[in-house]
J.: 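I'd like to ask you about the structure that follows.
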Amino acid sequence: MPDVLMLACVVMAATLVVGLVPMVRSTSSVERMLTAQLLGTNGVGLILLLAQILDMPALVDVALVLALLAVIAVVAFTRRSGGSERA
Amino acid sequence: MEVDVLVLSVALPLCGALIAVAWPRRCEVVGMLTAFAVSVAAVLTLVQVLVVGALQHEMGGWTPGLGIALRVDILSAVFLVLVGLVVLASSVYATGYFGQPREKAHFWPMWLLLLAALNALVLSSDLFNVYVTLELLGLTAVSLAALSGQRAAIDAALRYLLVGLLGSMVYLAGVALLYLGYGTLDLPAIATQIESEPIAWLALCLMTGGLLLKTALFPLHFWLPPAHANAPAPVSAVLSALVVKAGFYLVMRLWIDLFPALLTPSTGLLLGIPGAAAVLWGSWQAFKAERLKLLAAYSTVAQLGYLFLGLALLFQLAPGPTRDVLFGGIVLMALTHGFAKAGLFLAAGMVQKRSGNDQISNLGGMAQRMPVTTFTIALAGVALIGLPPSGAFLGKWQLLSSALGLGQWLWVIVVATGSMLAAAYVFRVLERAFAGSSQPDAPVAIAREEWPALLLSAIAAVLLGVGSGWLWPLLGNDI
Amino acid sequence: MIDTGVLYGLTGVALAAMGFRATLLEPEVIRKLLAINIMGVGIFLLMIATAYTGPDTAADPVLHALVLTGIVVAVSATALGLALERRRRDKDGS
Amino acid sequence: MNTLSWSFLDILLVIALVLLAGAALRARSLRQSIILFIAFGLVTALVWARLRAPDVALAEAAIGAGLTGALLLTALRNRPSEESRLVSNNGMRWGGRWGNVAITVSVSLVALGIGWAVLYGMNDTQSGRLAGQVGSALELSGVSNPVTAVLLNFRAYDTLLELAVLLAALLGILSLGGGRATHCTVDPIATSLRGWLVPLLILTAGYQLWVGAHAPGGAFQAGALLAAAGVVQHLAGRAHAGLPVGAVLRVLMVSGIGIFMTMGLWTFLGGRGFLAYPQRWAGELILLIELFATLAIAVTLILCYLGSEPERRRITPAGSKP
């Protein structure tokens, strides 16, 4: 069973790295931000898997915090680029 | 009940800062009381050290290593007194300097935090704790340097912040390596284990490099003159007299207490050569400076050079009385410069305030208008040049005799040239000050601002030289 | 097999070097701040890698605590740097 | 099989870290740099989790992925246009063309030296010893989470000074003046999120504070979460970001150090030494300190974000001119 989890972990990490490529290469900020959010989701999943494999329930809290706070960056981002700001 | 006064040196200013934040209307009173109490605590600490020897306070009652210990020996006690007195005098000056309640409410809490940081740094003997105190010192110093809000000050403060951060990060990298190698952060505990191996060498380089950046040793000095010259006068005084010296103090501590196993006589040259360059370059720039505060700032670059030059000579001497005497000389020079430079910056602040700017070409007639201030500048000048009876005279004398004893003429030439340039830049200012003015004014006297500056300069130019006899043997016993 | 501590420790050193270099050479202030933060992460990574002792054993808590302190300090400094930069731009704008 | 998988995972994470760091330092526009840096923070949190440092991972998740990102993104407010080319600030570029080469070469050399030392130092690492001391003193500390024990008991003095650093940064920011506390536009997304996100953040903060005594978590993580709640409030149009004003705010700002100092001086004057808690009460006292530290950290971080103290009078947010 741990082997399966471990494998899933590696696969998720691989998708994370693959996901970086458009992020680094793309020219549009919005696209980058969306990819960053996708990475966030990916990261939350990865941490949850690690919590199981390393037998560290505390990592579930990390995933929770990560998920909660990723929202703020998005809001801060959309707010600045949405054109609502003329100050 | 025995009270370890050394804790108070950190606790009092922190408490003062809290009260000043929470109660802005009374911040000036709180600040003055705190500065006074801290000076008293520093003097008491010095007395206690003289009576019973080095002291240690284990924070939280945990053994050092697991916990953090504050340690004070004669060297740190002397620095505590320097910090206490310079800050006290500058505080008195600041009560007259800052007029608006808004300015005061911003100045005093940061000022007290800076004081806490300086004392905490001097007392700390835990390498990571030193990092935290360095950051506290850096951030408070930057905020205070930006206090005037002018574009030049903000620019200088930003550069100061970036350099300071870079310096402390590099220092932290060294600490990380030492922990990797020796598994503890307690300075004496590491000192007993250290031997000449790559990890220790790298840590030495990183920690020293980071600190030299913060101490503005040539050629890493580029950020200092603008930051010090654009800050409010009491802040400049403390930045030049104490904050850069804190970096020097740490380098001295590290090289003498932590890394002696690594040092060969020639290692000291790594500090000595930039030191010599700093003496020449700084003095020359000070000579060319158009503004009084800029002159003072470049003079700091030069004076720091002497201290590092002294360290280079120190490491070439075998332990023994000659070395102890030179060590005493270096400390005496550091103290003299601290008092003199604080006095000079405070005086420059008064000049700036009275005449609207501090251009040296505009100083004409100052001797008549501001006799006390002119006298202050003259006394500070005596100490900066190193004329007798200043403390710097004795310090330089030791420097020269050590260099001659080692047969190294080059250092002698550097010191002599530096002193001649110092004489030139001091007399350039005094000559303008005594020159007649087209519109002779009545003398102004503001005791609250003039006397602290005069007192600081007098300590540097007279007291430290005359009264240094007792300092010497004590410092010698320490290393 | 690769030793985990060494791998992450070396990565930390590399990140610190990248950050240090960029801090010196980058002309833009905000990017200088980013670079210093990256340098900080590099050093923290070296510390956390030192603390790591294997997938089944507890790591050294002292280093974890030090890094936590370091993170707070880094955030404080970054916030101050951003405020200074903002003030600088305000001055330029007016 | 398992060690092989670990190695794969490690290598992938390391690649992600270095790639993102390099891209963040190299991206064409500042905004892209910042987004890449936020992603870098996220991967960093993953690495902390992977290296069994959950306390650090929590802090990084709250700070790196959340607050620093918000701070940096809002710092772009005054920039002319979104994808503006980088403007080079005169005077901030250190070293010329040759300086560039010299710096790159010397930094690489030093890094290689350190890398070499790490390579050899890591094998016979000594760091276990202090961990052993922590382990044996843990039951005297009043908490069972070793990281909390180090932060709030063994090395509480460090934490005290760390709070002072935070306060110093805040005072510096406030003295610069001209923040964004006074003007504030309503963001529709933030408004719709506020209803559930803010209570959830506060709840999580309380949980983190409580759990810190025996599991990863603690004052700083809780404070950062509370601060995030404040930032959401502000984004949703609350100019005060949920903060009190005037004297109450100033007392809150210093309450963290205040409680520390009270505790320290109390034990000090009682002859026990500075911050030497009586062992029987250590757990309760640590929780008390953490409670105030959380509040102080939260208030400080929110104020750092706002850049100035909220004023007494209420500002009508919606659609009004700043």
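Letters go in sequence order (proteins before strands), and every chain restarts at 1.
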J.: Assess the residue pair D:Arg50 and C:Tyr8 against the criterion (side-chain contact (heavy atoms from CB on, under 4.5 Å)); give the C-alpha distance rounded to whole Å, side-chain angles, the decisive distance to 0.1 Å, and a yes or no.
T.: CA-CA 11 Å; D:Arg50 189 278 166 250; C:Tyr8 282 104; 3.6 Å; yes

J.: Just so I understand: if I count every heavy-atom pair under 4.5 Å between each of D:Leu67, D:Asn145, D:Val56 and chain C, which residue has the most?
T.: D:Val56

J.: Please round to the nearest 0.5 Å and tell me the distance separating atom CG of C:Leu7 and atom CD1 of D:Ile11.
T.: 6.5 Å

J.: Between D:Ile173 and C:Ala83, what is the shortest heavy-atom contact and its length?
T.: CG1-CB, 3.7 Å

J.: Shortest non-hydrogen contact from C:Ser76 to D:Ala169?
T.: O-CB, 3.5 Å

J.: Could you have a look at D:Thr300, D:Leu161, D:Thr104 and say which one has the most heavy-atom pairs with chain C under 4.5 angstrom?
T.: D:Thr104

J.: Tell me the closest heavy-atom pair linking C:Ala17 and D:Val107, and the distance in Å.
T.: O-CG1, 3.6 Å

J.: For chain C, which of D:Asp10, D:Val147, D:Leu151 has the most heavy-atom pairs under 4.5 Å?
T.: D:Asp10

J.: If you count heavy-atom pairs under 4.5 Å between each of C:Leu34, C:Leu10, C:Leu46 and chain D, which one has the most?
T.: C:Leu34

J.: My understanding is that only residues two or more places apart in sequence, or in another chain, count here; which of them pass ring pair (Phe, Tyr, Trp, His ring centres under 6.0 Å) with D:Phe154?
T.: B:Trp62

J.: Where on C:Thr69 is there a heavy atom nearer than 4.5 Å to chain D: the side chain, the backbone, both, or neither?
T.: both

J.: Name the region of C:Leu15, side chain, backbone, both or neither, that has any atom closer than 4.5 Å to a heavy atom of chain D.
T.: side chain

J.: Spell out, as yes or no, whether a donor-acceptor pair under 3.5 Å connects the side chain of D:Arg155 to the backbone of C:Leu66.
T.: no

J.: Would you name the heavy atoms of C:Val13 and D:Gly115 that are closest together and state the gap between them?
T.: CG1-N, 4.1 Å

J.: Say you draw a straight line from CG of C:Asp60 to CZ of D:Arg52; how long is it, rounded to the nearest 0.5 Å?
T.: 13.5 Å

J.: Does any N or O in the side chain of C:Arg86 come within less than 3.5 Å of the main-chain N or O of D:Ala75, such that one atom is a donor and the other an acceptor?
T.: no

J.: I want to check something: taking the side chain as every heavy atom from C-beta on, are C:Val75 and D:Leu301 in contact at a cut-off of under 4.5 Å?
T.: yes

J.: Could you walk me through whether C:His64 and D:Val150 pass the side-chain contact (heavy atoms from CB on, under 4.5 Å) check?
T.: CA-CA 9 Å; C:His64 290 184; D:Val150 174; over 6 Å; no

J.: Can you tell me which portion of C:Val67 sits under 4.5 Å from chain D's heavy atoms? Options are side chain, backbone, both or neither.
T.: side chain

J.: Once rounded to the nearest 0.5 Å, what's the spacing between atom CG of D:Leu30 and atom CZ of C:Arg31?
T.: 6.5 Å

J.: Can you say whether D:Leu72 sits under 4.5 Å from chain C via the side chain, the backbone, both, or neither, judging by heavy atoms?
T.: both

J.: Distance from C:Leu33 atom CG to D:Thr68 atom OG1, nearest 0.5 Å?
T.: 11.0 Å

J.: Against chain D, label C:Ala49 side chain, backbone, both or neither, depending on which of its atoms sit under 4.5 Å from a heavy atom there.
T.: both

J.: Take D:Gln221 and C:Leu68 through the test side-chain contact (heavy atoms from CB on, under 4.5 Å) and record every step on the way to the result.
T.: CA-CA 10 Å; D:Gln221 292 89 341; C:Leu68 273 174; 3.9 Å; yes

J.: Roughly how far, to the nearest 0.5 Å, is the CD1 atom of C:Ile48 from the CD atom of D:Glu60?
T.: 10.0 Å

J.: Relative to chain C, which segment of D:Val47 carries a heavy atom at a distance below 4.5 Å: side chain, backbone, both, or neither?
T.: side chain

J.: Specify which of C:Thr11, C:Val62, C:Val72 makes the most heavy-atom pairs with chain D at under 4.5 Å.
T.: C:Val72

J.: Between C:Ile38 and D:Ala24, what is the shortest heavy-atom contact and its length?
T.: CD1-CB, 4.5 Å

J.: Below 4.5 Å from any heavy atom of chain D, which atoms of C:Ala35 appear? Answer side chain, backbone, both or neither.
T.: both

J.: For D:Leu25, which atoms come within 4.5 Å of any heavy atom of chain C: side chain, backbone, both, or neither?
T.: both

J.: May I ask you to name which of D:Leu51, D:Val110, D:Val165 has the most heavy-atom pairs under 4.5 Å with chain C?
T.: D:Leu51

J.: Could you list which of residues 35-46 of chain D have a heavy atom closer than 4.5 Å to any heavy atom of chain C, in residue-number order?
T.: D:Phe37, D:Phe40, D:Thr44

